[in-house]
Protein chains: 2
Amino acid sequence: MTPSRTSGGKLLAVLDAFTRERSALTLSEIARAVGVPLSTAHRLVGELRRWGGLERDLDGRFRIGLRVWEIGALAPRGLGLREAALPFMEDLYEVTHQNVQLAVREDVEVVFVERFASRSAVNVLTQVGGRFALAPTGVGQVLLAHAPVEVQERVLAAPMRKYTPHTITDPRHLRRLLADIRRTGFAISEQQVTPGGVSVAAPILSGDAVVAALSVVVPGTTAAAVRSVTPSVLAAARGISRVLTQSTGGGWPLEPPTVTPSPDPLPGRTSA
Amino acid sequence: MTPSRTSGGKLLAVLDAFTRERSALTLSEIARAVGVPLSTAHRLVGELRRWGGLERDLDGRFRIGLRVWEIGALAPRGLGLREAALPFMEDLYEVTHQNVQLAVREDVEVVFVERFASRSAVNVLTQVGGRFALAPTGVGQVLLAHAPVEVQERVLAAPMRKYTPHTITDPRHLRRLLADIRRTGFAISEQQVTPGGVSVAAPILSGDAVVAALSVVVPGTTAAAVRSVTPSVLAAARGISRVLTQSTGGGWPLEPPTVTPSPDPLPGRTSA
């Protein structure tokens, strides 16, 4: 625990206690996750409820409130990006009726910002707001190919999980793949995460900087499936890049979030 | 200003300083909005940046960070509702190619949780994450018709803005309309916000409680346009209600957010 945390740090730690797997928490679960006495948790939860950051359901458990969602809607890499991308994603979805995904990089992970999925499409593991490793996903490979060298080297140096027999886990193989992606302008990830699914992904630029990636996941393992959607994915990614560059004046890539290399846990990241 | 605000209250006030109209702020703009000295603003912004709640763009201005968006994605009334609704909204969009909207009530306002809009559809004023008055919008009328009496009376007692010559501003008229909506199970709002747009809206239930509303905004002022989409809107709203009731065990209506009737401003709502 970090006894020096400010009351603000503790408030943020309460929000951090909520995850996709644990999206409804009792007061004692919150107290345990944040590492504070019940009385402190009670005060923090009260403050967040008055603000709208937590809501209570009929069981008495707490959930993230609409106010956090509303403010999060202002994040340029969340809803701002999504609004530029949405018309192109809708067109792409109507053409393919497969999973259409929009993602950004947060350090060494992919965050999925939008996803359209038909009920009959390939079953993919991703969810909006969810995170995933960079190396095995089409969007992640695109984002990694255009990430700072320091980020690439960290991913290449770490062990890579094998999701399917086809998942690339050899750093030399991945390094060659990233060079290919930079050269060709798109990524094809065949059955690296989901058996029977091929992801075709392309970069989205603001000005000269790659800020996001777009993909379609199609069934089948053959080059034919890929040939059929690659032109549409590339055209949609170019369209989104054009709109985004116009709307931001090319002035958006954001600086990467501050990385704290100290061994101290960040405030709010100390939960069990 | 509220000198008694905790450091947590001030952190939340920094987040509150960002709005759709002012989504990028300098440090001094943040200090002014929160009502703290620059040195305090610097510390608060530093804490939020380390957490991922703020990001800095190349101009040095701050914007809401992806971390807020990620946690906001856990709000059941935001993304949870959206995920239940999305397949039905996609179907509705493919049938109509008009604006399809999903909204919830937050006190006396509508918050739009999802919106699909074709580039050729009626131009509507709403945006995802944006708020609007309850009385003139189709979704708002549905939500108001099923709101607690206390909320209805507050809306009926307050002056209502006239967006178009057709906007209802007479409380007796609105009261009759709300009774009609409860009786028929849907709302039709003709040109109340946008000239030339008719909204057809229906309630979404979890168990027995109305928790959201769905609408399609179609061009034209005639009953024909309404007749053509009403069955699809009602069917989609029933489908979403079924999925939502199953996924939540009917256990979700959340308690309404705490209303503080005291004249003290809430922490974080004191900004200029």
Side-chain angles (χ1 to χ4, degrees), chain A residues 6-12 15-16 18-20 23 44 47 49-53 55-59 63-66 68-80 83 86-87 90 93-94 104 106 111 113 116 118-119 127-129 131 251-255 257-258 260 266-268, chain B residues 6-12 15-16 18-20 23 44 47 49-53 55-59 63-66 68-80 82-83 86-87 90 93-94 104 106 111 113 116 118-119 127-129 251-255 257-258 260 266-268:
Chain A
T6 62
S7 103
K10 286 180 198 151
L11 270 193
L12 300 179
L15 296 177
D16 278 333
F18 292 81
T19 62
R20 194 162 273 276
S23 59
L44 295 169
E47 186 156 10
R49 282 191 79 197
R50 279 190 300 280
W51 179 63
E55 294 173 359
R56 194 159 73 172
D57 66 21
L58 291 180
D59 315 341
R63 294 169 180 270
I64 294 295
L66 198 66
V68 183
W69 182 86
E70 278 189 275
I71 296 178
L74 301 174
R77 298 204 298 158
L79 216 58
E83 295 202 344
L86 203 60
E90 280 163 2
Y93 178 77
E94 285 199 46
V104 297
E106 184 86 332
V111 178
V113 168
F116 288 175
S118 134
R119 275 158 294 184
Q127 287 187 290
V128 172
R131 293 189 174 216
W252 177 47
L254 298 164
E255 283 177 26
T258 316
T260 313
L266 293 178
Chain B
T6 62
S7 103
K10 286 179 200 154
L11 269 192
L12 301 180
L15 296 177
D16 279 333
F18 292 82
T19 62
R20 195 161 272 278
S23 60
L44 295 168
E47 187 156 10
R49 281 192 79 196
R50 279 190 299 278
W51 180 62
E55 294 173 0
R56 193 159 73 172
D57 66 21
L58 290 180
D59 315 340
R63 294 168 180 272
I64 294 295
L66 198 66
V68 183
W69 182 84
E70 278 189 276
I71 296 178
L74 301 174
R77 299 205 297 158
L79 215 58
R82 175 191 185 268
E83 295 203 343
L86 204 60
E90 280 163 1
Y93 177 77
E94 284 199 44
V104 298
E106 185 85 334
V111 178
V113 169
F116 288 175
S118 131
R119 274 158 294 185
Q127 288 187 290
V128 172
W252 177 49
L254 298 164
E255 282 177 28
T258 315
T260 312
L266 292 179

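Each chain gets a letter, A, B and so on, in the order the sequences are listed, and its residues count up from 1. Owing to the predicted nature of the structure, the values given are computational and were not obtained by experimental measurement.
- The side-chain contact (heavy atoms from CB on, under 4.5 Å) check on T19(B) picks up E21(B), R22(B), with sequence neighbours excluded.
- Contacts with chain B were tallied for L66(A), L15(A), V68(A); L66(A) has the most, counting heavy-atom pairs under 4.5 Å.
- Here R131(A) contributes atom CZ and E70(B) contributes atom CD; the two are 4.0 Å apart, rounded to the nearest 0.5 Å.
- Note that NZ of K10(A) is 12.5 Å distant from CG of L11(B), once rounded to the nearest 0.5 Å.
- Remark: L74(B) engages F18(A), R20(A), I64(A) in a side-chain contact (heavy atoms from CB on, under 4.5 Å) (not counting sequence neighbours).
- Of all heavy-atom pairs spanning W69(A) and A75(B), the tightest one is CB-CB, 4.1 Å.
- A donor-acceptor pair under 3.5 Å links the side-chain atoms of E47(B) to the main chain of G9(A), judged by distance alone.
- Shortest non-hydrogen contact noted between G8(A) and S7(B) is N-OG, 3.0 Å.
- Note that CG of L44(B) and OG1 of T6(A) are 8.5 Å apart. Values are rounded to the nearest 0.5 Å.
- With a 4.5 Å cut-off on non-hydrogen atoms, L86(B) touches chain A through its side chain but not through its backbone.
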